[in-house]
Amino acid sequence: MAEKNTEEKKTFADNASGFLTKYRVLFIGVIIALIVVAIVWGGISSITTSSHEKGLNQLDSIIHTLSKADEASVDTAREVALPQVLELAEKNKGNIVGLRSSMAAAEIYFSQEKWSEARDCWLTAATTKNAGYTAPICYYNAAVCSEELTEVDTAIEYYKFALANGDCDFEPHILFSLGRLQEGKGDFVAAAENYSTLKDKYPSDSWTNLAESRLIALKAEGNIQ
């Protein structure tokens with residue numbers, strides 16, 4: 001049995017050696033092709049990284065200039081900066097430059113109290129590929145803009161999106177805001193659920209004190225059990 005196994009191993013080794021010898025040109029060609037692909041991909045990645053760095057530097061320069069404007073000239077500075085930022089956002093859709101540019105444009109629109117335009121930019125940023133940890137922030141700000149536009153249902157929707165898209169530093173505030181908006185709509189059960197969630201998850205948060213006071217009021221008014 002041992003001799004048979006040895007013979008089988010030798011036969012397999014001989015066949016493998018013969019196969020590799022016969023097709024060595026093909027294998028070498030494949031290896032070379034893979035090396036070329038790696039080199040080309042590395043070059044593309046390098047170019048992409050360089051392009052992103054250039055775009056981010058341009059954005060930082062625009063924002064830095066805007067930040068230096070005094071109170072008397074800040075409105076004009078915003079009007080100058082906004083089209084430049086929007087152009088960067090348009091040219092870089094789907095990458096980090098586009099993401100940050102959309103957020104910067106949203107901030108400028110928000111400072112101008114252009115709530116609808118600010119919301120559009122926040123939503124563009126939130127849905128950009130690889131938005132990552134910025135998505136909850138963007139949805140949160142979109143909800144705030146919706147509140148400014150008195151679009152309560154839309155605000156509730158975006159607050160929920162903010163909670164559903166990863167960790168959010170504003171979660172206590174969002175939970176209270178959801179409760180407040182739902183209470184305003186007369187949906188007392190949903191409001192109480194959000195107040196209670198806030199109370200359970202963040203017992204020491206300042207928003208929890210307000211949530212507890214609202215729960216007491218809702219019970220006193222007979223709106224919840």
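Once rounded to the nearest 0.5 Å, the distance linking CG of Asn194 with CG of Leu175 reads 5.5 Å. Here the OG atom belonging to Ser196 is positioned 6.5 Å from the CD1 atom belonging to Ile224, to the nearest 0.5 angstrom.
Looking only at side-chain heavy atoms (C-beta outward), Tyr139 and Thr127 come within less than 4.5 Å of each other. Under the 4.5 Å side-chain criterion, counting only non-hydrogen atoms from C-beta, Leu181 is in contact with Tyr159.
Residue pairs meeting the side-chain hydrogen bond (donor to acceptor under 3.5 Å, both in side chains) criterion with at least one partner in residues 62-72, sequence neighbours excluded, are Asp70-Ser73. Within the structure, the salt bridge (Lys or Arg N to Asp or Glu O under 4.0 Å) test picks out the following pairs touching residues 139-154 (sequence neighbours left out): Arg119-Glu151, Glu147-Arg180, Asp153-Lys185. Residue pairs that meet the ring pair (Phe, Tyr, Trp, His ring centres under 6.0 Å) test with at least one member in residues 79-114, sequence neighbours left out, are Phe110-Trp115. The list of side-chain hydrogen bond (donor to acceptor under 3.5 Å, both in side chains) pairs with a residue in residues 213-225, not counting sequence neighbours, reads Glu183-Arg214, Glu221-Asn223. Identified under the salt bridge (Lys or Arg N to Asp or Glu O under 4.0 Å) test for residues 193-213, with sequence neighbours left out: Glu171-Lys201. Identified under the salt bridge (Lys or Arg N to Asp or Glu O under 4.0 Å) test for residues 98-111, with sequence neighbours left out: Asp60-Arg100.
The ring-ring contact (aromatic ring centres under 6.0 Å, His included) test applied to Trp207 returns His173, Phe176, not counting sequence neighbours. Taking the side chain to side chain donor-acceptor pair (under 3.5 Å) definition, one finds that Ser111 meets it with Arg78, sequence neighbours left out. Residues satisfying the side chain to side chain donor-acceptor pair (under 3.5 Å) test with Lys93, not counting sequence neighbours, are Glu90. Partners of Gln84 under the side chain to side chain donor-acceptor pair (under 3.5 Å) rule, at least two apart in sequence or in another chain, do not exist in this structure. Residues passing the side chain to side chain donor-acceptor pair (under 3.5 Å) test with Glu157: none are found, sequence neighbours excluded. In this structure Phe188 satisfies the ring-ring contact (aromatic ring centres under 6.0 Å, His included) test with no other residue, sequence neighbours excluded.
Summarising the local packing, CG of Asp187 is surrounded by more than 12 heavy atoms from other residues, nucleotides or ligands at distances under 6.0 Å.
Remark: side-chain polar atoms of Ser61 are not paired, donor with acceptor, to backbone N or O of Asn57 under 3.5 angstrom.
At a threshold of 4.5 Å between side-chain heavy atoms, the hydrophobic network of Ile, Leu, Val, Met, Phe, Trp and Tyr places Val144 and Leu163 in one connected group.
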